[in-house]
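Report on the structure given below.
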Amino acid sequence: MVDYRTVKSVAVLEVNNPPVNALSYNVRQGLQDGIERANKDKEIKSIIIIGKGRTYPAGADISEFSKPHKGPNLIEVGLGIESSRKPVISAIHGTCLGGGLEIALFSHYRIALESAKVGFPEVALGLLPGAHGTQRLPRVAGMAFAMEIITSGRHVSAREALQHGILDKLVKGNLLSESLDFAASLPFSVPHNRRLRNVPAKGAENADRIFEVALNKVKQKQNGFIAPINCLKAVKAALLPYEEGAKIERELFMELLTSGQAKAQQYVFFAERAATRWYVSNEKNQKKCSAVPVKTTGVIGAGTMGSGIVVTLLRAGLPVILVEQDSQNLERGVNMIKGILQGSVNLKRMTSQQMNKCLQQLTPAQSLDSLHNVDLVIEAVFENLKLKEEIFGKLDEICKQQTILCSNTSTLDIDKIARATKRPDKVIGTHFFAPAFVMPLLENVYGTKTSGETIATVMNLGKTIRKIPVLVKTCHGFVANRMLARYQTEASFLLEEGCLPHEYDQVMEEFGFPMGAFKVGDLSGLDIGYRIRQELAKANGYTVTTDTRYIQGERFSSLADKLYELGRLGRKTGKGWYKYDRPGAKEAFVDPDVTDIILKHCKDAGIIRRKISTQEIVERSMYSSINEGFRCLEDGVASKPEDIDVIWLHGFGFPRYRGGPMYYASTIGLAEVYDRICYYHKTFPESSYWVPSDLLRKLATSGRNIPMSDWSTAATVNKSRL
Ligand SMILES: CC/C=C\CC(=O)SCCNC(=O)CCNC(=O)[C@H](O)C(C)(C)COP(=O)(O)OP(=O)(O)OC[C@H]1O[C@@H](n2cnc3c(N)ncnc32)[C@H](O)[C@@H]1OP(=O)(O)O
């Protein structure tokens with residue numbers, strides 16, 4: 001894991017632990033042994049630590065955090081490096097992160113390729129840099145920079161790291177030979193100030209103010225997370241004598257390590273990577289199927305969704321033909337695209353040149369015929385099956401044989417859309433989340449006949465356009481909206497039973513969602529839900545009015561429709577579940593008119609309102625969704641719980657520190673979740689979604705704590721084997 005070799009009077013310790021040279025037990029042991037050996041060897045004058053392959057160590061081995069500790073810890077290894085009598089140089093390329101950067105900061109010198117990046121991403125894992133990183137970074141880069149880097153976890157370019165004193169030298173070309181030359185230029189002994197423990201933290205004079213500013217920022221941007229706060233406290237402790245600061249860092253680190261948040265965030269790290277791996281059958285899976293290249297694209301529909309998708313494709317360097325029949329709508333769409341890109345320029349996320357390059361790749365058009373030669377088309381028109389079938393039928397005629405046809409439908413059956421073509425193997429759902437140029441999730445939806453090649457292509461496209469692609473099977477609403485429907489329905493029933501919109505939203509925001517369901521409703525527009533309900537009614541042969549209380553025997557709340565009919569469409573009309581200063585304003589205010597509407601609605605329906613506890617709000621919102629999540633696993637619509645969690649994290653802003661709804665259920669305990677679902681089923685028999693999922697029942701009553709990795713297989717085995 002660490003290869004030891006000598007080049008003249010230099011010992012080279014090369015870390016060899018692919019893919020990212022994580023600091024696993026064997027690596028730590030190898031580094032410790034290598035430093036000792038080099039110090040004992042009279043011929044050796046200096047030591048270089050370098051990574052083999054793509055990177056310098058990118059941090060501790062995250063998979064070891066949940067296992068019993070083995071071998072020297074990172075601090076012991078680091079202290080061994082620092083106390084080495086012979087100069088130690090870290091030679092950095094790739095991503096020098098977390099424990100990797102700590103090893104570099106224990107080293108006496110740091111030299112890097114210009115393309116390298118450094119950073120402390122521990123905060124994303126619910127941790128802090130616990131091998132003295134919080135004590136050492138402020139000593140080279142100052143309190144303010146250290147606080148910013150450690151709480152944001154951002155990767156810093158080598159050039160910026162050099163400016164802040166984290167690196168001593170940037171080099172081009174061959175890193176090892178440059179490092180050997182650098183080593184040859186050093187004195188034989190280690191100067192006092194090259195051991196960072198001997199150097200005071202920079203910026204001590206303003207530390208209190210820097211801390212307060214950073215704390216306020218963290219509370220605003222990372223509300224609910226414990227790690228960033230402990231990160232700040234640990235950095236502040238760097239003002240104390242080294243040993244005292246390190247002791248405080250240890251205490252704060254241990255507090256995080258054993259917290260539920262860190263475990264959840266580490267689960268998310270692996271879940272996000274697992275979600276990009278897909279398996280449908282022995283023939284259709286990631287290992288066997290290859291993507292076809294996508295060099296040209298088309299988008300149909302220049303509304304908000306279509307325009308957002310266009311921006312996403314353009315930003316990834318893909319040329320796009322945007323088709324919209326109506327010239328005014330087309331012009332509006334193109335202006336929206338320009339506006340979004342200009343916004344990115346204003347926020348310094350891209351340069352004007354990059355924006356112009358994107359716009360050069362955009363071809364507005366009014367006819368589907370212009371799509372005859374593109375590799376992939378994404379349809380993003382109004383959610384209407386007939387319309388989509390018509391478009392796909394035409395595309396099938398117009399587009400070249402190899403073109404992949406994608407629909408951005410959020411609910412409709414992909415098989416039905418595919419049947420409108422003679423190429424069902426090339427039809428797939430690519431469900432973006434609004435706003436499409438911001439939300440990271442891409443829910444890819446395969447139909448019965450979708451080929452493995454088509455799946456591989458859109459999963460690959462997801463990565464190309466910097467989204468997190470998750471694959472699910474077609475059904476009404478797929479995974480995201482099928483589960484969300486439960487969540488939203490329960491929210492509307494809770495309003496009827498006793499909550500007000502702001503009371504509900506406050507509870508769910510305290511749970512960790514960035515916005516409660518009613519604020520989200522106002523943001524998306526109440527007309528969207530209204531139209532979906534009307535379409536569903538039409539498709540299923542019933543009618544919905546503001547007096548409807550039951551649909552086909554199921555409880556229904558018409559409150560949202562009442563607001564719609566009053567012209568309260570949300571933010572865009574300045575009135576929805578809340579009121580706003582003006583149409584389009586963001587700040588929501590409680591509206592007594594809405595309270596009156598709700599109270600009248602309840603009175604007319606003979607509903608006696610009651611006080612609803614926080615626990616009930618959270619349970620009914622989350623457990624109804626979780627029950628549906630287990631049904632998705634049971635039906636094979638979702639292939640693993642991680643996929644569901646990633647969908648909620650990146651599609652709906654589920655709090656990362658709770659892992660996702662399925663992980664959250666595992667932390668509560670499936671037996672407890674199942675019991676409560678049974679209770680709500682008994683209490684609300686007129687909502688059939690409270691019938692407990694068979695899979696959940698099996699798992700919860702098995703008498704064993706079945707790990708999440710076995711939940712999907714449990715869906716197909718009988719209870720006696722659980
Ligand atoms: C006392 C405590 C001391 C220290 C604390 C720490 O050091 S915590 C760890 C800090 N480091 C990180 O958080 C880095 C995590 N990794 C990344 O951000 C990315 O992997 C990286 C290095 C930027 C590379 O990204 P890329 O997109 O190229 O690869 P990918 O993320 O798909 O990773 C490839 C496979 O490597 C696995 N992996 C990555 N980092 C680690 C790690 N630190 N520990 C264990 N495993 C790691 C990752 O899961 C991928 O595996 P695969 O099986 O292929 O999905």
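These values consider heavy atoms only, across backbone and side chains, with no hydrogens, waters or symmetry-generated copies. Counting starts at 1 for both ligands and their atoms, following the listed order.
- Between Phe511 and Tyr664, the distance from one ring center to the other falls under 6.0 angstrom.
- Distances from atom 49 (O) of ligand 1 to the protein include at least one heavy-atom value under 4.0 Å.
- Among all protein heavy atoms, the one lying closest to atom 5 (C) of ligand 1 is Glu122 OE2, 3.5 Å.
- Here the options are Leu176, Val2, Asp3, the test is side-chain contact (heavy atoms from CB on, under 4.5 Å), and the partner is Glu14; only Asp3 passes.
- Atom 31 (O) of ligand 1 has as its closest protein heavy atom Arg273 NE, 2.7 Å.
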Which donor-acceptor pairs under 3.5 Å do side chains of residues 196-203 form with protein atoms, sequence neighbours excluded?
| from | atom 1 | to | atom 2 | distance (Å) |
| --- | --- | --- | --- | --- |
| Arg197 | NE | Glu82 | OE1 | 2.9 |
| Arg197 | NH1 | Glu243 | OE2 | 2.9 |
| Asn198 | ND2 | His192 | O | 2.9 |
| Lys202 | NZ | Val140 | O | 2.8 |

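- Within a 4.0 Å radius of atom 45 (C) of ligand 1, the protein has at least one heavy atom.
- Under the 4.0 Å criterion applied to side-chain N and carboxylate O atoms, Arg194 and Asp168 are assigned as salt-bridge partners.
- For the residues Gly119, Gly94, Pro121, the heavy atom positioned nearest atom 12 (C) of ligand 1 is part of Pro121.
- Each of the following atoms of ligand 1 lies closer than 4.0 Å to a heavy atom of Phe269: 15 (C), 16 (N), 39 (C), 40 (N), 49 (O).
- Between Trp648 and Phe652, the ring-plane angle classifies as perpendicular under the 30° and 60° cut-offs.
- Counting the atoms of ligand 1 from 1 in the order shown, those under 4.0 Å from a heavy atom of Asp61 are 44 (N), 45 (C).
- When hydrogens are left out, the protein atom nearest atom 11 (N) of ligand 1 is Ala58 O, 2.9 Å; that is the closest non-hydrogen contact.
- Ring orientation note: the planes of Phe145 and His164 are close to parallel, at an angle under 30° on the 30°/60° scale.
- For ligand 1 and Leu74, the ligand atoms under 4.0 Å from any heavy atom of the residue are 3 (C), 4 (C).
- Applying the 4.0 Å criterion to heavy atoms of Leu125 picks out, from ligand 1, the atoms 8 (S), 9 (C), 13 (O).
- In this structure, Thr55 contributes its side chain and Thr95 its backbone to a donor-acceptor pair below 3.5 Å.
- Of the possible polar contacts, one joining the Arg28 side chain to the Pro72 backbone as a donor-acceptor pair under 3.5 Å is found.
- Numbered from 1 in the order shown, with element, the atoms of ligand 1 that lie under 4.0 Å from a heavy atom of Pro19 read 35 (C), 36 (O).
- Taking a cut-off of under 4.0 Å to the non-hydrogen atoms of Thr95, the atoms of ligand 1 that pass are 22 (C).
- For the pair Arg656 and Phe225, the cation does not sit on the ring face, since its NZ or CZ is not both under 6.0 Å from the ring centre and inside 45° of the axis.
- Of the possible donor and acceptor atoms, one in the side chain of Glu102 sits under 3.5 Å from a partner among the backbone N and O of Ala131.
- The cationic group of Arg37 lies under 6.0 Å from the six-membered ring centre of Tyr4 and within 45° of the ring axis, placing it in a cation-pi geometry.
- Using a 4.0 Å cut-off to heavy atoms of Gly99, the atoms of ligand 1 that qualify are 4 (C), 6 (C), 7 (O).
- One option in Glu272, His155, Gln266 has a heavy atom closer to atom 23 (C) of ligand 1 than any other, and that option is His155.
- Both the backbone and the side chain of Ile62 come within 4.0 Å of ligand 1, counting heavy atoms alone.
- Considering each of Leu127, Leu23, Asn17, Val20, the one bringing a non-hydrogen atom nearest atom 41 (C) of ligand 1 is Val20.
- The nearest protein atom to atom 4 (C) of ligand 1, hydrogens excluded, is given as Ala60 CB, 3.6 Å; this is a heavy-atom distance.
- Put simply, the side chain of Ser84 gets close to the backbone of Lys86: a donor and an acceptor are under 3.5 Å apart.
- Contacts of Arg54 with ligand 1, taken as heavy-atom pairs under 4.0 Å, involve the side chain alone.
- Using a 4.0 Å cutoff on heavy atoms, Phe253 counts as a contact of ligand 1.
- The nearest protein atom to atom 53 (O) of ligand 1, hydrogens excluded, is given as Arg277 NH1, 3.7 Å; this is a heavy-atom distance.
- The ligand atoms of ligand 1 that sit less than 4.0 angstrom from a heavy atom of Glu102 are 3 (C), 4 (C).
- Contact check on Arg154 versus Glu148 returns a salt bridge, with a Lys/Arg side-chain nitrogen under 4.0 Å from an Asp/Glu carboxylate oxygen.
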